[in-house]
Enquirer: 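Please find one structure pasted underneath; my questions will follow.
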Amino acid sequence: MSGKEIPMTNDQILNTLKKVNDPDLKRDLVSLNMIQDVRVDRDQVYVNVQLTTPACPLKDVIQNDVRNAILQDFPQVKTVQVELSSKVTKNAASGEKLMPDGVKNIIVVGSGKGGVGKSTVALNLALALVHHGARVALLDADIYGPSIPMMLGIRSVGGVPVENDKIIPIEKFGLKVMSIGFIIEEGTPVIWRGPLLGRALDQFLFDVVWGDIDYMIIDLPPGTGDIQLNLAQKINLTGGVIVTTPQNVAVLDAQKAAQMFVELKVPLLGIVENMSHYVCPQCGHQAHIFATEGGQDLATKFGRPVLGRIPLVGSIREGSDSGKPVMLTEGFSLEKQAFLEIAGNVSQEISIHNASKS
Ligand code: ADP
């Protein structure tokens with residue numbers, strides 16, 4: 001083979017990789033600074049590609065594209081080892097808006113009304129991101145029903161732990177968590193909650209020792225109230241996710257919540273359709289009991305993607321009630337798979353958004 005006479009250099013490999021584009025960011029891997037390391041050892045090539053998120057749904061595509069490009073340009077190469085690493089990109093600064101130190105992205109999860117599974121999605125999305133290898137915080141701002149503590153099996157923490165005037169987040173299942181439920185007593189009338197929460201949220205964002213966080217997920221109250229307004233005006237949010245169930249009545253409310261994001265210039269990352277279809281636990285048969293494509297209709301209306309569809313299954317409710325979220329159950333399940341996909345799609349949208357601002 002003539003190839004043996006052509007010695008390869010790292011620069012030649014890099015030149016080849018200039019022809020490989022990140023499929024989402026539509027630019028080549030070299031100019032995106034994604035090639036971290038190239039080594040050539042006779043007929044073997046090693047490349048390290050640094051992705052913009054550990055949850056990247058296109059990992060395999062990128063890995064194959066890199067391998068194929070090298071094999072095509074250098075027929076003498078016998079093996080190409082493509083190792084993937086990741087460094088989550090940060091949402092660029094935006095005017096006077098604030099971000100807690102160390103936090104790269106804040107994602108708000110909203111809904112048109114209560115009971116559609118917003119907290120379930122916020123929590124399992126956060127856990128799915130942890131599963132993918134990200135550093136994740138979960139901030140429960142749902143004033144009307146702070147359900148995150150129960151869903152995590154944290155019944156009572158008796159206030160928030162403080163050290164040197166800073167609040168220490170609770171750590172559970174690899175997540176750093178703060179909840180309005182930790183400071184509001186269960187019977188507190190809703191009328192007192194608004195002002196209390198406004199102050200508490202500021203504290204939760206800026207007086208908590210969060211450390212380095214790739215994604216902070218905020219579980220919003222349902223609807224379009226002051227909490228959403230204040231957050232969007234003051235905080236540099238990377239984007240919002242709207243959770244809806246598929247039937248028309250729910251979608252109408254969800255549309256108002258999505259519209260609020262648009263008006264407040266919070267990028268709408270996409271729609272999660274919860275309770276999409278019923279899966280029979282006995283035979284696995286799937287029934288679309290709400291019989292509509294509500295999530296898709298809403299996504300189309302706003303020109304944004306459906307980030308995922310979660311089935312209506314007993315295990316999700318049982319997981320929430322027992323403090324063991326469905327993302328943490330052993331083995332394969334459709335519902336776990338749905339959350340992993342949603343995490344991939346959300347982080348993909350975030351990477352695209354952050355690249356567009358850089
Ligand atoms: P929200 O935050 O919108 O008020 P929750 O996340 O608290 O809603 O969910 C309401 C109830 O519905 C909870 O008991 C939860 O366990 C249950 N639930 C949510 N999503 C599903 C699902 N896909 N399948 C079964 N039960 C679900």
Side-chain angles (χ1 to χ4, degrees), residues 107-128 138-155 173 175 177 179-181 184 186 190 193 197 217-225 227-228 240-247 249-258 260-261 271-282 284-290 292 294-295 298 306-329 333-343:
I107 302 100
V108 287
V109 179
S111 68
K113 58 177 187 166
V116 297
K118 173 183 49 59
S119 299
T120 305
V121 170
L123 172 59
N124 285 288
L125 163 63
L127 289 169
L138 177 62
L139 181 44
D140 176 10
D142 190 348
I143 181 174
Y144 304 108
S147 41
I148 297 292
M150 187 191 81
M151 289 179 175
L152 283 170
I154 307 171
R155 290 272 163 196
F173 304 136
L175 278 179
V177 190
S179 170
I180 199 67
I184 289 184
E186 248 173 50
V190 165
R193 294 184 175 205
L197 184 75
I217 310 290
I218 302 188
D219 183 15
L220 292 174
T224 53
I227 301 294
Q228 287 86 336
V241 171
I242 293 289
V243 180
T244 185
T245 50
Q247 64 277 49
V249 278
V251 172
L252 274 178
D253 282 327
Q255 189 177 326
K256 291 184 201 147
M260 185 185 199
F261 283 174
I271 308 295
V272 169
E273 190 182 84
N274 189 26
M275 311 189 197
S276 256
H277 48 278
Y278 174 73
V279 183
C280 170
Q282 263 81 44
H285 173 72
Q286 301 192 6
H288 289 258
I289 45 181
F290 297 124
T292 76
L298 188 61
V306 174
L307 299 163
R309 295 181 172 83
I310 304 155
L312 176 66
V313 281
S315 60
I316 293 186
R317 203 238 354 110
E318 285 154 24
S320 297
D321 286 356
S322 65
K324 189 157 185 248
V326 74
M327 256 313 296
L328 300 172
T329 50
S333 72
L334 284 175
E335 49 278 25
K336 247 173 85 172
Q337 196 53 34
F339 283 115
L340 286 169
E341 268 175 44
I342 290 167

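Note: hydrogens, waters and symmetry copies are ignored here, and every other heavy atom, side chains too, is used. Every number for a ligand or one of its atoms is a count from 1 in the order of the listing.
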Enquirer: Please list, in number order, the atoms of ligand 1 under 4.0 Å from a heavy atom of L312.
Expert: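 Answer, ordered by atom number: 23 (N), 24 (N), 25 (C).
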
Enquirer: For atom 21 (C) of ligand 1, what is the nearest protein heavy atom, given as residue, atom name and distance?
Expert: I316 CG2, 3.5 Å

Enquirer: Using distance alone, determine whether I310 and ligand 1 share an N or O pair under 3.5 Å.
Expert: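 Such a contact does not occur with ligand 1.
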
Enquirer: Taking it one step at a time, do V251 and T244 satisfy side-chain contact (heavy atoms from CB on, under 4.5 Å)?
Expert: CA-CA 6 Å; V251 172; T244 185; 3.9 Å; yes

Enquirer: Less than 4.5 Å apart, any side-chain heavy atom of N274 and any of V116?
Expert: no

Enquirer: Would you mind checking which non-hydrogen protein atom is closest to atom 25 (C) of ligand 1, with the distance to 0.1 Å?
Expert: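 Heavy-atom neighbour on the protein nearest atom 25 (C) of ligand 1: V313 O, 3.0 Å.
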
Enquirer: Have a look at M151, E273, K118, M275 and point out the one with the heavy atom closest to atom 7 (O) of ligand 1.
Expert: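 Checking each option, the heavy atom nearest atom 7 (O) of ligand 1 is found in M151.
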
Enquirer: Enumerate the atoms of ligand 1 whose separation from the nearest heavy atom of S320 is less than 4.0 angstrom.
Expert: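 By the 4.0 Å cutoff, the relevant atoms are 16 (O).
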
Enquirer: Please name all residues satisfying side-chain contact (heavy atoms from CB on, under 4.5 Å) with A128, sequence neighbours left out, ordered by chain then number.
Expert: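 Partners of A128 under the side-chain contact (heavy atoms from CB on, under 4.5 Å) test: M327, F339, L340, A343.
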
Enquirer: Is there a protein heavy atom less than 4.0 Å away from atom 13 (C) of ligand 1?
Expert: no

Enquirer: Examine T120 against ligand 1 and note whether any of their N/O atoms are separated by less than 3.5 Å.
Expert: yes

Enquirer: Atoms of ligand 1 less than 4.0 Å from P311 heavy atoms?
Expert: 22 (C), 23 (N), 24 (N)

Enquirer: How far is atom 17 (C) of ligand 1 from the closest protein heavy atom, and which atom is that?
Expert: R317 CG, 4.1 Å

Enquirer: Strictly under 4.0 Å, does any heavy atom of S111 approach an atom of ligand 1?
Expert: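 Judged by the 4.0 Å heavy-atom criterion, S111 does not count as contacting ligand 1.
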
Enquirer: Answer side chain, backbone, both or neither: which part of N274 comes under 4.0 Å from ligand 1, heavy atoms only.
Expert: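 For N274, only side-chain atoms sit under 4.0 Å from ligand 1.
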
Enquirer: Looking at atom 2 (O) of ligand 1, what's its closest protein heavy atom, distance included?
Expert: S119 N, 2.8 Å

